[in-house]
2 protein chains.
Amino acid sequence: MKISFDDPSTALISRKVRPSYQRIKVLEYLIKNQCHPTVDQIFQDLQGEIPTLSKSTIYNTLKLFAAAGLIRVITIEENETRYDILTEDHGHFKCEKCGAIYNFAVDVDALATGDLTGFKVMEKNVYFKGICPKCL
Amino acid sequence: MKISFDDPSTALISRKVRPSYQRIKVLEYLIKNQCHPTVDQIFQDLQGEIPTLSKSTIYNTLKLFAAAGLIRVITIEENETRYDILTEDHGHFKCEKCGAIYNFAVDVDALATGDLTGFKVMEKNVYFKGICPKCL
DNA sequence: ATCAATTCTTGCAATCATTATAAAATTAGA
DNA sequence: TCTAATTTTATAATGATTGCAAGAATTGAT
Ligand SMILES: [Mn+2]
Ligand SMILES: [Mn+2]
Ligand SMILES: [Zn+2]
Ligand SMILES: [Zn+2]
C-alpha cells in the first residue's frame with residue numbers, strides 16, 4: 001500500500017489547521033513512521049529534534065489532527081492508543097507476540113448490510129489478532 | 001440474536017474456573033446484561049447484592065473469564081473497556097450520541113484472505129461507529 | 001470435626017495514560 | 001512596534017487498571 005501525501009504544511013492548511021513548527025514535525029513523523037505509533041513513541045523520537053517538546057503538545061496535536069480528519073485513532077488494546085496517517089478504510093492485524101500492527105486490505109463496503117438498517121454508519125473498523133509470519 | 005447459556009456454575013466448572021460466589025454473580029450479571037457493561041457498571045450494580053464486594057474482584061474475575069474464553073473484551077474507545085458474554089463472532093455498532101453498543105451479524109469468514117497469508121489469525125473484530133435509529 | 005495448605009477476596013497503594021489548567025512563548029494583524 | 005489571539009509548555013489532577021499483602025473461605029487429608 002503506497003500512498004503519497006501533500007507536503008505537511010500544505011496538508012495542514014487545507015484542513016484549516018495552522019502549520020506550527022510542532023504540528024509539522026508531528027505530521028512529518030506520522031508520514032515517515034506508518035507503524036501506528038503511540039503517543040510515547042512519537043514523543044520520545046521527536047524530543048531529539050525538539051528539546052523543549054512537551055507531551056501535552058503531542059496529545060493536543062493528535063486530538064486536533066483526528067478531529068480534522070488528518071489521522072485515524074486506533075484502539076485495539078485497552079490502554080494503548082495508536083495513531084495512523086492512513087485514513088482510508090483498511091484492516092489492522094496485531095501480532096500478540098511482537099506487538100507489531102500490520103495493515104491489510106478489506107472491503108468494508110461488502111460488510112454488514114442487513115442488521116443495520118436505520119443506523120447512520122460513519123466509521124468502519126476491522127482488526128484481527130494473532131501471530132505474524134516473523135513470529136511463527 | 002437469542003443464545004442460551006449453561007447455568008453459571010456449570011459453565012465455570014466446564015472451563016476449569018472454580019465457581020466462587022462472586023464469580024457466579026458476575027457471570028449471571030453478564031448473561032442478564034448483554035449491553036456490554038463496563039467494570040464500573042458491573043461493580044455498581046452488584047454492590048447492592050454483595051455489600052462487601054471489591055472492584056479488584058471484578059477486575060480479577062473478568063480477566064480470568066477472558067483467559068478462559070468465557071467472555072470477550074471489547075475496546076472501541078480508549079479508556080472504556082467493555083465486556084461481552086457473546087463469544088461468537090459478531091460486529092459492534094457504537095452510537096456516538098447515546099453511547100449504546102449494538103450487536104450485528106457479520107460474516108467475518110468472508111473477510112480478508114489475500115493480504116494475510118502466513119499470518120495466524122486468532123481473533124476477528126469488526127466495529128462501526130455512527131448514530132443509532134433512536135438518536136437520529 | 002480438626003488442621004494445614006491452597007485459593008480467593010478485599011482494601012489500599014502504586015502506576016500509567018490522559019486531561020485540565022494556567023503561565024510563558026509565539027504568531028498574526030493593525 | 002503593539003496588542004490580541006493562538007499555541008506551547010509545565011505541572012497538577014483525574015481515572016482506569018494493576019500490584020500487593022493481609023484476611024477469609026475452601027479444600028483435602030487426618
Ligand atoms: Mn493502518
Ligand atoms: Mn456483543
Ligand atoms: Zn510478530
Ligand atoms: Zn444512540
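Just so it is clear: chains get the letters A, B, ... in the order the sequence lines come, proteins before strands, and each one is counted from 1.
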Task: Spatial distance of atom CD (B/Gln41) from atom CG (B/Asn33) [nearest 0.5 Å] - done: 8.5 Å
Open item on the list: Measuring centre to centre across the rings, with the benzene-like ring taken for any Trp, is B/Phe104 within less than 6.0 Å of A/Phe119?
Closed with: no
Task: Between CD on residue B/Glu80 and OG1 on residue B/Thr75, distance to nearest 0.5 Å - done: 10.5 Å
Task: Atom pair distance, as rounded to whole Å: OH in B/Tyr83 and P in D/dA16 - done: 12 Å
Task: Lys/Arg-Asp/Glu bridge criterion (N-O < 4.0 Å) met for A/Asp45, A/Lys25 - done: no
Open item on the list: Just to be sure I understand the geometry, which residues of residues 17-33 of chain A put a non-hydrogen atom under 4.0 Å away from DNA chain D?
Closed with: A/Arg18, A/Ser20, A/Gln22, A/Arg23
- [ ] To the nearest 0.5 Å, tell me how far B/Ile76 CD1 sits from B/Asn125 CG.
- [x] 9.0 Å
Task: Side chain proximity check, B/Glu77 to B/Lys129, heavy atoms < 4.5 angstrom - done: yes
Open item on the list: Categorize B/Glu78 for me: base, sugar-phosphate, or nothing, with a 4.0 angstrom heavy-atom threshold over every strand shown.
Closed with: sugar-phosphate
Task: Side-chain heavy atoms of B/Leu111 within contact of A/Phe128, under 4.5 Å - done: yes
TODO: Could you tell me which residues satisfy ring pair (Phe, Tyr, Trp, His ring centres under 6.0 Å) with A/Phe65, sequence neighbours excluded, listed by chain and number?
DONE: none
Task: Contact residues, residues 39-67 of chain A to DNA chain D [heavy atom, < 4.0 Å] - done: A/Thr52, A/Leu53, A/Ser54, A/Ser56, A/Thr57, A/Asn60
